[in-house]
Amino acid sequence: MTDMPEEDTETAAGGHPPETENRKPETAALARDIEAVLFISPEPVSLEVLAEVTGAGGEKLAHAVEAVRDKYSDPEGAIAFAEVAGGYTLRSGDAAREAVERFCARPADYTLSSAAMETLAIIAYLQPITRPEVARIRGVGADTVVANLLDKGLVEEAGRHRQSGAVRYRTTPAFEKLFGLSGLAELPALDGFEATAQDVEELREKLFTAAEKRNSGTL
Amino acid sequence: MTDMPEEDTETAAGGHPPETENRKPETAALARDIEAVLFISPEPVSLEVLAEVTGAGGEKLAHAVEAVRDKYSDPEGAIAFAEVAGGYTLRSGDAAREAVERFCARPADYTLSSAAMETLAIIAYLQPITRPEVARIRGVGADTVVANLLDKGLVEEAGRHRQSGAVRYRTTPAFEKLFGLSGLAELPALDGFEATAQDVEELREKLFTAAEKRNSGTL
Amino acid sequence: MAGDWHLELPDLDLEIFHGPFDLLLTLILREEISIFEVSLAEIVISYLERLEQKEELDLEAASEFLILMSSLLEIKSAQLLPRPGEFDLEELTPEEAREELVIRLITYKKFKDASNWLRQRFDHTRHWCFRSAPPPRLVRTAGDEEVPHKYEPARLAEALKVLLAEPPRVSTDHMTRVTVSVWERMKAVRDALRTRAELDFDEVAGSADRVTQAITFFAILEMLNAGELEVEQEKLFGQIMIYEARKKINDAA
């Protein structure tokens, strides 16, 4: 866009043509600030917030907002200006709708990090299980990983632990799909462990013990 | 976009001078789609995804990406183009920094201590690497620093060390975004920081001299 | 740490130190200071003063500092503390300790330089702000039906097997964690002195690990400076004898 003959509001570079005298460089800088804030904000931004952030107000601010609106008024543009829910925001332009829809319709990424794989394995075999227990077995905090698995719909909440009150987690049908399992009974056997209640307890204990040794040994 | 023979992608403002003939309407529409996708995506978008979403590829796609880059190349602009973490993305422009910081209210939040910076450097170059290994290089325990970096999302787990079972860490795309790196390949070669033979000799010499003084003197 | 320290501090700005190798490098590379001319006690004391001024005891920083000091001691220890073997000093001769240290410092310096590069980069890019808005929901469609069969169940078993495996015991890097505090060691020294007039350093820390030895040493330096103790070492590599200050004075009188 460097080749635009009529410099628009957001660039302070270059002198302004005489006919746009109301757009002083000051307004251009203000408009640029507003544009940047609307760009990064995940929510519509109210005039009050814009005033607070830019330190401008009244007519001056209103003019700068209008300058931004003007800049994004092209119906063929990639980005459009919108006034919604008591604030201003930028959104994708109507002309780019198809590309945006194609982009958003791409299947979610189900690639699992090794941390996610470990956490999922722990939850799958020991479910229902609390986050602190997962953390204890892995030797590192489990919050982010579990949150990600929740986001992806691979685990879900399953009540609370009776004593501690901590939320317990279990795997979901989506998890079974991801691993091609027809049910949890199909989880591969671990040497010496059956999926009986007693064996699960034993597995849990073994995992705790191994984690303790690992953590005291290697720091 | 088909009805806008000379219009550039994002703003309808002003006709284009005839010298921009290389931007055919087709490229303009493609550039607009790319721009919209970069705008909408919360993460950097790779060339592959852009190809998938726009149906374009090769030189044509590359040109359209360059057109978007050009459009956002004004150092005074509100929005800037960035190539980070293996993809393209839009970010707030440097000129709007103050307003953006006031809006995000995050400046103090994003300082990194020297310890954090050193640890990041070690992890960035030697990833995947365990905490004990980091500690050994820095000569000081790495637990807290690594926990902080994990919290900030700048490093993440990357499996475990085969023998010791210690968790290994690597840097994240967020790290690359924060440091404006298009990828780890952009890190300067570590050899460049190698101490010269003279440095080594000097250090050895100084330690040696100090020891001699010590032997002839007192505590 | 309560107590009045009125020592002349060495020409050191401890604010600039962030880690043991930092300190070592700085000390060694600054022409005017040879580490062997810097009293460890003074560094400890000026550090504790700083902590006092801050009116809060940053245990994390204190631990780091102690490890830092143990790094310094690593060079001195071979000479300062009694013989290797008796003290499990990994049989390092002073020359070997020095060489080991040179290697470590050089490696550290390389990454220190790399971190400076990152710092410069960061100074430029830290103000960037990326759009954080999520994509619009209107077209967001992912449901259970669309989950692909991407992984084999065996991956889960493998992941768990890793966690079930008990690792071989790796020798603990002596510099990674402080498990004793200087206060604990001060108490140990006081307790030992409660029943007698003099104490051999060996008796309080001789059989302990290296870090405990180092920290005990600092504990003694501190108590020494507070006027609580007196210490004698007749010759290089000799026994370090510790006396409660008052008792010794009484004996002399």
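Keep in mind that this is a model prediction, so the values were computed, not measured. By convention in this document, chain letters (A, B, ...) are assigned in the order of the sequence lines, proteins followed by strands, and residues within each chain are numbered from 1.
- Contact annotation for A:Leu38: only backbone heavy atoms (N, CA, C, O) come within less than 4.5 Å of a heavy atom of chain C.
- When heavy atoms are compared at a cutoff of 4.5 Å, A:Leu181 approaches chain C solely by way of its side chain, counted from C-beta outward.
- The CG atom of A:Leu61 sits 6.0 Å away from the CG atom of A:Leu30 when rounded to the nearest 0.5 Å.
- Residue C:Ala157 touches chain A through both its backbone and its side chain, counting heavy-atom pairs closer than 4.5 Å.
- Cation-pi geometry between A:Arg69 and A:Tyr88 is not met: the NZ or CZ atom fails to fall both under 6.0 Å from the ring centre and inside 45° of the normal.
- Surrounding CD of A:Glu98 are at most 12 heavy atoms belonging to other residues, nucleotides or ligands under 6.0 Å away.
- The contact between A:Leu178 and chain C is made by backbone and side chain atoms together, counting heavy-atom distances below 4.5 Å.
- When each of A:Thr209, A:Thr111, A:Leu154 is checked for heavy-atom pairs under 4.5 Å with chain C, A:Thr111 comes out on top.
- Among pairs with a residue in residues 112-129 of chain A, those fulfilling side-chain hydrogen bond (donor to acceptor under 3.5 Å, both in side chains) read A:Glu118-A:Arg138, A:Glu118-B:Arg160, A:Gln127-A:Thr171, at least two apart in sequence or across chains.
- With a threshold of 4.5 angstrom between heavy atoms, A:Phe208 does not approach chain C through any atom at all.
- Looking at C:Glu203, its side chain does come within 3.5 Å of a backbone N or O of C:Asp200 through a donor-acceptor pair.
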